[in-house]
A.B. asks: 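Quick one: this structure, given as structure tokens, is what I'll be asking you about.
Owing to the predicted nature of the structure, the values given are computational and were not obtained by experimental measurement. Every number for a ligand or one of its atoms is a count from 1 in the order of the listing.
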Amino acid sequence: MEAFRIVGGTRLQGDVRVPGAKNSVLKLMAAALLAEGTCTLVDVPDILDVRIMAELLNRLGCEVAYEIGRGTLSVTVPSGPGHRADYDLVRAMRASISVLGPLLARQHAAEVALPGGDAIGSRGLDMHVQGLQALGAEVELRHGYLVAEAPRGLIGAEVRLEFPSVGATENLVMAAVLAKGRTVLDNVAREPEVVDLCRMLRRMGARIEGVAGSTLEIEGVEGLHPVEHRVVPDRIAAGTWAFAAAMTGGDVVVRGGESGHLELVLDKLTDAGAQVSDAMDGFRVVGPQRPRSVDVATLPYPGFPTDLQPFMVALMAVADGASMITENLFEARFRFVQEIARLGAQVRVDGHHAYVRGVPGLSGAPVEASDIRAGAALVLAGLVADGETTVHEVAHIDRGYDGLEVALRGLGADVQRIGVPAVEPI
Ligand code: UD1
């Protein structure tokens with residue numbers, strides 16, 4: 001068991017580089033299943049979730065090679081991959097369900113374990129399932145697995161999503177690119193990671209129109225070919241660094257950060273008193289002495305991302321004034337409020353609203369990461385807390401950040417990774 005030990009009080013200063021997006025690369029790895037041969041992804045972060053997806057692809061008969069130093073990952077797909085995603089992997093990483101669409105499209109069959117409860121709430125799969133059924137698949141739940149079949153292949157259809165779900169959009173696009181005829185997907189998610197997936201699919205030979213809009217029109221093709229593709233920069237990692245600068249009154253240049261993917265976030269940070277400007281190959285954030293309070297509500301892209309909501313709560317915890325943070329996507333993301341309260345934050349949660357009363361300072365304490373973003377937000381809170389903060393369960397943070405503590409030390413923070421002995425019951 002590992003933890004981060006943080007001694008607060010440093011103003012972060014320097015440059016940091018953002019790798020390719022976790023939430024994109026996992027889907028791009030799944031998309032590789034759509035073509036026989038070797039797809040190569042560039043700018044792949046060295047994170048646990050990538051390794052879980054690599055194991056999943058291995059078990060499907062693919063060969064995955066990862067050159068960590070260069071951030072290059074290649075997936076070699078055989079002519080007939082398997083079609084089962086086992087429970088142990090899906091349980092470890094919900095994004096495993098993104099192999100459902102490609103396997104159904106390519107193999108006309110897929111068996112994917114149902115993801116269980118997740119630390120950020122019960123996230124449904126109804127839109128994934130209904131969309132695939134509209135494309136002609138038969139989907140049923142058998143012994144804990146979603147079993148999907150389309151013996152004669154998928155057939156293009158019109159599908160309107162009830163909500164612009166990222167995962168459902170991605171699964172349906174990957175299913176439709178090899179379906180017979182034309183598919184129209186309406187009310188789709190427009191996140192930069194969805195756009196990245198569509199771009200890779202187009203380069204593989206898929207015919208997709210309307211990319212980056214709310215309606216995608218897809219003309220199915222007979223087959224796709226492998227490509228090399230650079231992963232879109234991780235806007236949530238870039239946002240994390242922007243918050244790190246804003247919280248510590250620091251001065252950080254986020255290299256490789258795409259400010260155009262964070263417009264609303266950077267506007268909110270500016271409202272809170274930070275100065276944001278363009279920098280070579282990225283953007284720069286200079287934090288205020290003390291942040292001002294701002295209200296935020298999470299929404300699908302281009303709204304404020306739910307993944308950055310815990311960081312906003314952390315920033316507002318030390319702001320001058322009170323603010324209202326509204327979570328419209330995953331209510332359970334507020335679970336981390338009880339942890340940040342251990343540092344002295346004053347937050348009251350009522351349904352999907354959190355009312356945060358800023359305090360002049362936090363005080364270091366032991367806390368626990370419950371998911372990737374909550375964990376990283378607690379680390380940032382520890383940076384401004386008085387004394388020592390220990391963030392336990394860093395395995396959650398490692399799922400999404402490539403050496404968070406190393407990058408923080410590069411900016412001057414006092415953060416160490418330590419081993420924590422497990423408590424043995426007597
Ligand atoms: C992805 C991201 C996650 C991000 C989220 C929203 C990955 C690996 N994860 O998750 O980090 O927070 O987008 O930007 O890319 N829903 C249903 N039924 C469905 C599908 C979704 O009810 O069939 C609901 C979910 O419960 C949730 C909301 O829709 O309330 C958003 O989910 P979705 O956009 O699908 O998020 P994910 O793809 O799971």
A.B. asks: Restricting to non-hydrogen atoms, name the atom on T169 and the atom on A189 that form the minimum distance, rounded to 0.1 Å.
C.D. replies: OG1-N, 3.0 Å
A.B. asks: Given D126, D307, T306, D49, which has its nearest heavy atom closest to atom 22 (O) of ligand 1?
C.D. replies: D126
A.B. asks: Is the shortest distance from a heavy atom of R333 to ligand 1 less than 4.0 Å?
C.D. replies: yes
A.B. asks: Can you name the atoms of ligand 1, numbered from 1 with element, that are less than 4.0 Å from a heavy atom of F163?
C.D. replies: 28 (C), 29 (O), 31 (C)
A.B. asks: Which ligand 1 atoms does L329 reach within 4.0 Å, using its non-hydrogen atoms?
C.D. replies: 27 (C), 30 (O), 31 (C)
A.B. asks: In terms of atom number and element, which parts of ligand 1 are under 4.0 angstrom from non-hydrogen atoms of K27?
C.D. replies: 7 (C), 8 (C), 15 (O)
A.B. asks: Heavy-atom contacts with G167 under 4.0 Å: which atoms of ligand 1 show up? List them by number with element.
C.D. replies: 35 (O), 38 (O)
A.B. asks: Can a salt bridge be assigned to the pair R51 and D46 using a cut-off of 4.0 Å between side-chain N and carboxylate O?
C.D. replies: yes
A.B. asks: E193 near ligand 1, heavy-atom distance under 4.0 Å?
C.D. replies: no
A.B. asks: I need the atoms of ligand 1 closer than 4.0 Å to a non-hydrogen atom of M127, numbered in the order shown.
C.D. replies: 16 (N), 17 (C), 18 (N), 19 (C), 20 (C), 21 (C), 23 (O)
A.B. asks: When you look for heavy atoms under 4.0 Å from ligand 1, do you find them on the side chain of Y301, its backbone, both, or neither?
C.D. replies: neither
A.B. asks: Using a plain distance cutoff, I'd like to know if V166 has any nitrogen or oxygen under 3.5 Å from a nitrogen or oxygen of ligand 1.
C.D. replies: yes
A.B. asks: Under 3.5 Å, side chain of D234 to main-chain N/O of P19, donor-acceptor pair present?
C.D. replies: no
